[in-house]
Engineer: 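I'd like to ask you about the structure that follows.
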2 protein chains.
Amino acid sequence: MSPATAAAKLTDEAGVQLEESLGLIGYRLRRAQLSVFQRFAAVFETLAIRPAEYAVLVLVDDSPGRKQSEIAAALGIKRANFVALAQGLEARGLIERLNIASDRRANALHLTPVGRSFLARARALHDELEREFIERLGGPAKREQLLDLLQRLT
Amino acid sequence: MSPATAAAKLTDEAGVQLEESLGLIGYRLRRAQLSVFQRFAAVFETLAIRPAEYAVLVLVDDSPGRKQSEIAAALGIKRANFVALAQGLEARGLIERLNIASDRRANALHLTPVGRSFLARARALHDELEREFIERLGGPAKREQLLDLLQRLT
DNA sequence: TATTGTTATACTCTATAACTATA
DNA sequence: TATAGTTATAGAGTATAACAATA
């Protein structure tokens with residue numbers, strides 16, 4: 001194989017030849033995750049929200065009144081790193097951090113009315129994106145397959 | 001549902017309840033990718049090598065003599081960020097960066113003999129890890145399914 | 001003693017701009 | 001003019017240590 005051909009294969013399609021060599025789960029997983037998150041970030045840019053912030057809103061909506069540390073732990077975020085994130089969402093008027101009578105150390109997280117309508121728009125964008133992914137995968141059954149396989153790796 | 005039950009479901013298994021709500025490809029993909037890369041990093045820690053460095057060695061072994069920028073592009077690494085990585089591998093005696101007569105700007109990357117035997121050990125660890133993942137997935141056919149589905153998302 | 005939120009800090013990864021020497 | 005390697009720098013994301021208030 002000529003150097004030029006090798007170079008073409010090496011760089012073609014962001015590493016296709018390379019994938020054959022590395023061949024593996026870790027590499028393709030990373031590639032797919034980056035690709036999906038870039039789509040996610042691009043779509044949500046219109047709402048000026050990041051994936052992690054969206055995840056927080058979803059969780060607070062589904063379990064209102066939980067403590068910061070509970071939401072953070074559920075998302076695998078250290079509570080120290082969660083502070084700025086929660087304060088940012090509060091400063092934008094999307095969530096409230098209320099005092100709890102039973103534990104004056106803790107903040108109970110709730111969505112504001114503005115936060116609820118904001119989340120509704122975000123969920124709509126997300127649903128649309130999920131449909132795009134399902135189409136790419138080849139249908140809902142393929143999506144279930146993928147989720148099952150990913151679950152086994154986690 | 002009582003608050004206590006909700007809290008248990010919220011934090012159980014690093015966000016299982018949350019996954020039902022977020023429900024989606026992006027979230028599970030991120031979780032699986034983090035889990036797999038943590039295993040990868042843990043196993044490769046014994047060789048004091050990181051996933052990206054291993055990928056570079058594999059690529060240089062398969063395509064010796066390529067330029068830094070070609071290897072970097074194939075791995076999706078900016079060439080500016082690739083400099084320290086390549087210099088580190090050279091400082092450890094794993095690769096050489098040779099002058100090219102045809103282009104005095106470029107560095108051609110090659111494995112050293114030490115680099116080759118090092119890579120052999122790394123590949124063995126990697127193969128073992130890949131077998132672990134295949135077992136978790138439920139067999140080689142499941143692995144092919146997963147790689148196919150990930151490909152479609154990329 | 002342990003936990004909650006918080007600050008400070010550091011380390012990795014990633015992204016961009018600008019420089020040099022070559023082409 | 002454009003490209004290869006390089007430097008500097010800045011932004012995310014993530015990790016730990018330590019503190020005050022509270023349990």
Side-chain angles (χ1 to χ4, degrees), chain A residues 3-4 7 10-11 14 26-27 30-31 33-35 37-38 40-42 44-45 48-56 65-91 95-109, chain B residues 7 10-11 14 26-27 30-31 33-35 37-38 40-42 44-45 48-56 65-91 95-109:
Chain A
L10 192 68
T11 57
Y27 183 75
R30 173 172 167 262
R31 284 281 176 185
Q33 198 262 332
L34 282 176
S35 176
F37 256 57
Q38 274 165 15
F40 205 97
F44 276 46
E45 200 177 326
I49 195 172
R50 284 171 293 189
E53 294 172 323
Y54 173 66
V56 170
R66 317 292 342 168
K67 292 187 289 184
Q68 280 193 197
S69 48
E70 289 174 325
I71 300 292
L75 287 169
I77 301 173
K78 303 286 177 189
R79 71 188 195 285
N81 296 325
F82 191 78
V83 173
L85 204 167
Q87 288 176 344
L89 293 175
E90 186 180 43
I95 67 171
E96 283 177 315
R97 303 191 297 157
L98 304 180
N99 296 332
I100 302 181
S102 61
D103 187 343
R104 287 191 298 170
R105 295 169 303 180
N107 295 333
L109 303 188
Chain B
L10 193 68
T11 57
Y27 183 75
R30 172 171 168 263
R31 282 283 176 184
Q33 197 263 333
L34 282 175
S35 176
F37 258 56
Q38 276 166 12
F40 205 97
F44 276 47
E45 201 178 326
I49 197 173
R50 283 169 295 189
E53 294 173 322
Y54 172 67
V56 170
R66 318 289 347 165
K67 293 186 291 185
Q68 280 192 197
S69 48
E70 290 174 325
I71 301 291
L75 288 168
I77 300 174
K78 302 285 177 190
R79 71 188 195 284
N81 296 325
F82 191 77
V83 174
L85 204 167
Q87 288 175 342
L89 293 175
E90 187 180 42
I95 67 171
E96 284 177 315
R97 301 190 300 158
L98 304 179
N99 296 333
I100 303 181
S102 61
D103 188 342
R104 288 192 296 173
R105 295 170 303 180
N107 295 334
L109 303 187

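Quantities reported herein were computed from a predicted structural model and do not represent experimental measurements. Heavy-atom basis, side chains included; hydrogens, waters and symmetry copies ignored. First the proteins, then the strands, lettered A, B, ... as listed; each starts at 1.
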Engineer: If every non-hydrogen atom of B:Arg31 is compared with every non-hydrogen atom of A:Gly76, which pair is closest and at what distance?
Structural biologist: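 Smallest heavy-atom distance, with atoms named: NH2-N, 3.5 Å.
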Engineer: Looking only at non-hydrogen atoms, find the nearest pair between A:Gly65 and A:Ala108 and report the distance.
Structural biologist: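 Closest approach of A:Gly65 to A:Ala108, heavy atoms only: O-CB, 3.5 Å.
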Engineer: Nearest whole Å is fine: how far is D:dG5 C1' from B:Ile95 CD1?
Structural biologist: 13 Å
Engineer: Quickly work out the B:Glu70 CD to D:dA4 P distance and round it to whole Å.
Structural biologist: 8 Å
Engineer: Check the interface with nucleotides 12-15 of chain D: list each N/O to N/O pair with the protein under 3.5 Å, or write none.
Structural biologist:
| from | atom 1 | to | atom 2 | distance (Å) |
| --- | --- | --- | --- | --- |
| D:dG13 | OP2 | A:Arg50 | NH1 | 3.2 |
| D:dT14 | OP1 | B:Arg30 | NH2 | 3.4 |
| D:dA15 | N7 | A:Asn81 | ND2 | 2.9 |
| D:dA15 | N6 | A:Asn81 | OD1 | 2.7 |

Engineer: What are the two closest heavy atoms between B:Phe37 and B:Pro51, and how far apart are they?
Structural biologist: CE2-CB, 3.8 Å
Engineer: Take the angle between the ring planes of B:Phe44 and B:Tyr54 and call it parallel below 30°, perpendicular above 60°, tilted in between.
Structural biologist: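 Taking B:Tyr54 first and then B:Phe44, their aromatic rings stand perpendicular (interplane angle over 60°).
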Engineer: Has B:Gln68 got a side-chain N or O lying under 4.0 Å from the OP1 or OP2 atom of D:dT6?
Structural biologist: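 True: B:Gln68 side-chain N/O within range (under 4.0 Å) of D:dT6 OP1/OP2.
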Engineer: Is there a side-chain contact between A:Ser69 and the phosphate of C:dG5, meaning an N or O under 4.0 Å from OP1 or OP2?
Structural biologist: yes
Engineer: Does OP1 or OP2 of C:dT6 have a side-chain N or O of A:Arg97 closer than 4.0 Å?
Structural biologist: yes
Engineer: Scan nucleotides 20-22 of chain C against the protein and return all N/O pairs shorter than 3.5 Å with their distances rounded to 0.1 Å.
Structural biologist:
| from | atom 1 | to | atom 2 | distance (Å) |
| --- | --- | --- | --- | --- |
| C:dT22 | O2 | B:Arg105 | NH1 | 3.3 |

Engineer: Determine the minimum heavy-atom distance between A:Ile95 and A:Ala86, stating which atoms define it.
Structural biologist: CD1-O, 3.6 Å
Engineer: Return the value, rounded to whole Å, for the distance between atom NZ of B:Lys67 and atom C1' of D:dA2.
Structural biologist: 12 Å
Engineer: Of all the choices, D:dT7, C:dT4, D:dG5, which nucleotide is nearest to the side chain of B:Gln87 once you look at every atom?
Structural biologist: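 So the nucleotide nearest the side chain must be D:dT7.
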Engineer: Mind checking what makes side chain to side chain donor-acceptor pair (under 3.5 Å) contact with A:Arg97, not counting sequence neighbours?
Structural biologist: A:Gln68, A:Glu90
Engineer: Is a salt bridge present between B:Arg50 and B:Glu53, judged by a nitrogen-to-oxygen distance below 4.0 Å?
Structural biologist: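 Yes, this pair counts.
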Engineer: Considering heavy-atom distances to DNA chain D, does A:Arg79 or A:Ser102 have its closest nucleotide positioned more toward the 5' end?
Structural biologist: A:Arg79
Engineer: What heavy-atom pair brings B:Phe82 and B:Ile71 nearest, and what distance separates the two atoms?
Structural biologist: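 So the two residues come closest at CZ-CG2, 3.7 Å.
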Engineer: Which distance, rounded to the nearest 0.5 Å, do you find between the CG of B:Leu75 and the CZ of A:Arg30?
Structural biologist: 7.5 Å
Engineer: Expressed as a whole number of angstroms, how long is the span from B:Leu85:CG to D:dT6:C1'?
Structural biologist: 15 Å
Engineer: Within this structure, what is the CG-to-P distance between B:Asn107 and D:dT3, rounded to whole angstrom?
Structural biologist: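 Answer to the nearest Å: 18 Å.
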Engineer: Between D:dG5 atom P and B:Phe82 atom CZ, what is the distance in whole Å?
Structural biologist: 9 Å
